[in-house]
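A short worksheet on the structure shown next.
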Amino acid sequence: MTYATHVLRHSKKIRSSSNLLRHDSVRWFSNGTRPSVEKGDDILRCQSGFNRCNSGSAVSNNSCRAVSPMMSCVATYGNALRTAIAPSASTASMAFMRGSQVPSGRCFSTASDFPPHQEIGMPSLSPTMTEGNIARWLKKEGDKVSPGEVLCEVETDKATVEMECMEEGYLAKILRGDGTSSIKVGEVIAITVEEEDDIAKFKDYQPSTLDATPSPKAPPPPPPPKEEVAEKPVTPSETKVSKPSAPPADRIFASPLARKMAEDHNIPLSNIKGTGPEGRIVKADIEDYLASRGKEAPAAAAKAEASLDYTDIPVSQIRKVTASRLLLSKQTIPHYYLTVDACVDKLMELRSQLNSLQEASGGKKLSVNDLVIKAAALALRKVPQCNSSWTNDYIRQYHNININVAVQTDNGLYVPVVRDADKKGLSTIAEEVKNLAQKAKENSLKPQDYEGGTFTVSNLGGPFGIKQFCAIINPPQSAILAVGSAERRVIPGSGQDQYKFASMMSVTLSCDHRVIDGAIGAQWLKAFKGYIESPESMLL
């Protein structure tokens, strides 16, 4: 014992433990690999050793058995130093934890069948993500992986994102295959190992084997049932008292045949008045009830069920999140709506002139929606109160004007963002919108493509011909603009009894009344209408 203490106090490895703690080099013994000692053995704890050698560091894990990865000392009452273990002697009995962006952990199983390995968990790839789907694996079991290589594509609540490998090794086991849905963040989806020879040992690996250790804690619940058994002798006295009580007054008397007929036709006996002795329901009462109206209801119900034909469509992850966010918006945000009609004749003329220039220069054509985005961004610069969001303690007003554009795809509704739209030219906005819309249809948007928006534009007029609609605010934003179609109308002319034709477009602004008062919303619409009806001002 004295010799072991002497070694611990004077070892240079122990003195440098403070440096080792600052790096990811500290190893812990797992529960299944602690030294096999008798009941009388005395295992030297390292926590007190840490306190003696390095008072400036704190050890949070009381199950640590050694203060240095280079040595672990075990001593008994009657023996001196029993052994000194080098890291190469029992690598599988030490656990090495390393943090990374992707949830993972290096685990050392208590069973000898599983060598050191790393569990890769479902990462959180967006602020609102709680679960995700595996779109497809780009690596197969047995493939070598290196840092930066793409392991798989994960379908988040916003888009499909590539998940990269953080460490070098081999993909030993894929626990969640292609198309697996509703995987919670942090749930293990794959296993990697450092040595290629260890891949075969994980053929039958199941994550439940690692979670089996907490199960022994389940036995403690048996004591409560014993107390309940002890109380049971009291219940007979209570039941004896209840037996002599009078039968309930609402008891319905019916003959066995009448009860059988009522059950066969799903008829509640309470709906039938008995004509038998002492009001008993008999067969004739059931037949009379069926003849009057009892037969019609089951026949109609059976006919309705037979006419139903449907298909259950699986709900994608993005549709789930869209549904929950829109429901939250309508339930928690006090919406109000402002609608205005704007003449777009000059806007159409300017668009035609600019598109001719775009064709000559090889650029992409401008759409009406591109001009609407530019006008909305400039109106937000004039009325910055609409470029805000609500918090419980304050209203946050944004200095960047980032416009989300609603894009409908087969997978659901996406809202990619055009950043700093007020500072960009029309050709730049047109190119970005087309590229983002293509990415949305291909389900390849990155988080930076849809996060950080401060205002949203939704256009159902151009592609679908919708005259006017009211959009739901996209939280945490405080406003969204719904754009309808342009149609030819007869409007008053400059003189009395004079009329003319004009193309009018209806737009509706949905506002959060906690942030935007009615007058502020009207000011924004006035500024927006001014840019639409005088589009040359957008070029200044």
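For this chain, numbers begin at 1 and follow the sequence in order.
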Side chains of Ser182 and Lys320 in contact at under 4.5 Å (non-hydrogen atoms): yes
Between atom NE2 of His117 and atom CG of Asp198, what is the distance when rounded to the nearest 0.5 Å? 10.5 Å
Kindly indicate whether the side chain of Val368, heavy atoms from C-beta on, has any atom under 4.5 Å from the side chain of Arg351. yes
Atom pairs and distances, side-chain donor-acceptor, residues 311-318, under 3.5 Å, sequence neighbours left out:
unit_1 : atom_1 : unit_2 : atom_2 : d
Ser316 : OG     : Arg319 : N      : 3.4
Ser316 : OG     : Asn411 : O      : 3.3
Gln317 : NE2    : Glu131 : O      : 3.2

Is the backbone of Lys446 close enough, under 3.5 Å, to the side chain of Asp449 for a donor and an acceptor to pair up by distance? yes
Which atom pair, heavy atoms only, marks the closest approach of Gly521 to Cys511? CA-SG, 4.5 Å
Side-chain donor/acceptor pairs under 3.5 Å, residues 428-438, sequence neighbours excluded:
unit_1 : atom_1 : unit_2 : atom_2 : d
Glu432 : OE1    : Lys424 : NZ     : 3.1
Glu432 : OE2    : Lys424 : NZ     : 2.6
Lys434 : NZ     : Lys365 : O      : 2.9
Asn435 : OD1    : Lys364 : NZ     : 3.3
Asn435 : ND2    : Glu431 : O      : 3.2
Gln438 : NE2    : Glu442 : OE2    : 2.9

Do the ring planes of Tyr205 and Phe202 sit parallel (below 30°), tilted (30 to 60°) or perpendicular (above 60°)? tilted
Contacts of Tyr336 meeting ring pair (Phe, Tyr, Trp, His ring centres under 6.0 Å) (sequence neighbours excluded), chain-then-number -> His513
Using atom types as modelled and distance alone, determine if a side-chain donor or acceptor of Lys173 lies under 3.5 Å from a backbone N or O of Thr192. no
So does Gln397 have more than 12 non-hydrogen atoms from other groups sitting under 6.0 Å from CD? yes
Glu196 meets the salt bridge (charged side-chain N to carboxylate O under 4.0 Å, His left out) criterion, sequence neighbours left out, with none
Using atom types as modelled, flag every donor-acceptor pair under 3.5 Å from a side chain in residues 531-539 to any protein atom, sequence neighbours excluded.
unit_1 : atom_1 : unit_2 : atom_2 : d
Glu533 : OE2    : Cys343 : N      : 3.0
Ser537 : OG     : Ser534 : O      : 2.6

Could you work out, with side-chain hydrogen bond (donor to acceptor under 3.5 Å, both in side chains) as the rule, every residue matching Ser389, not counting sequence neighbours? Tyr398
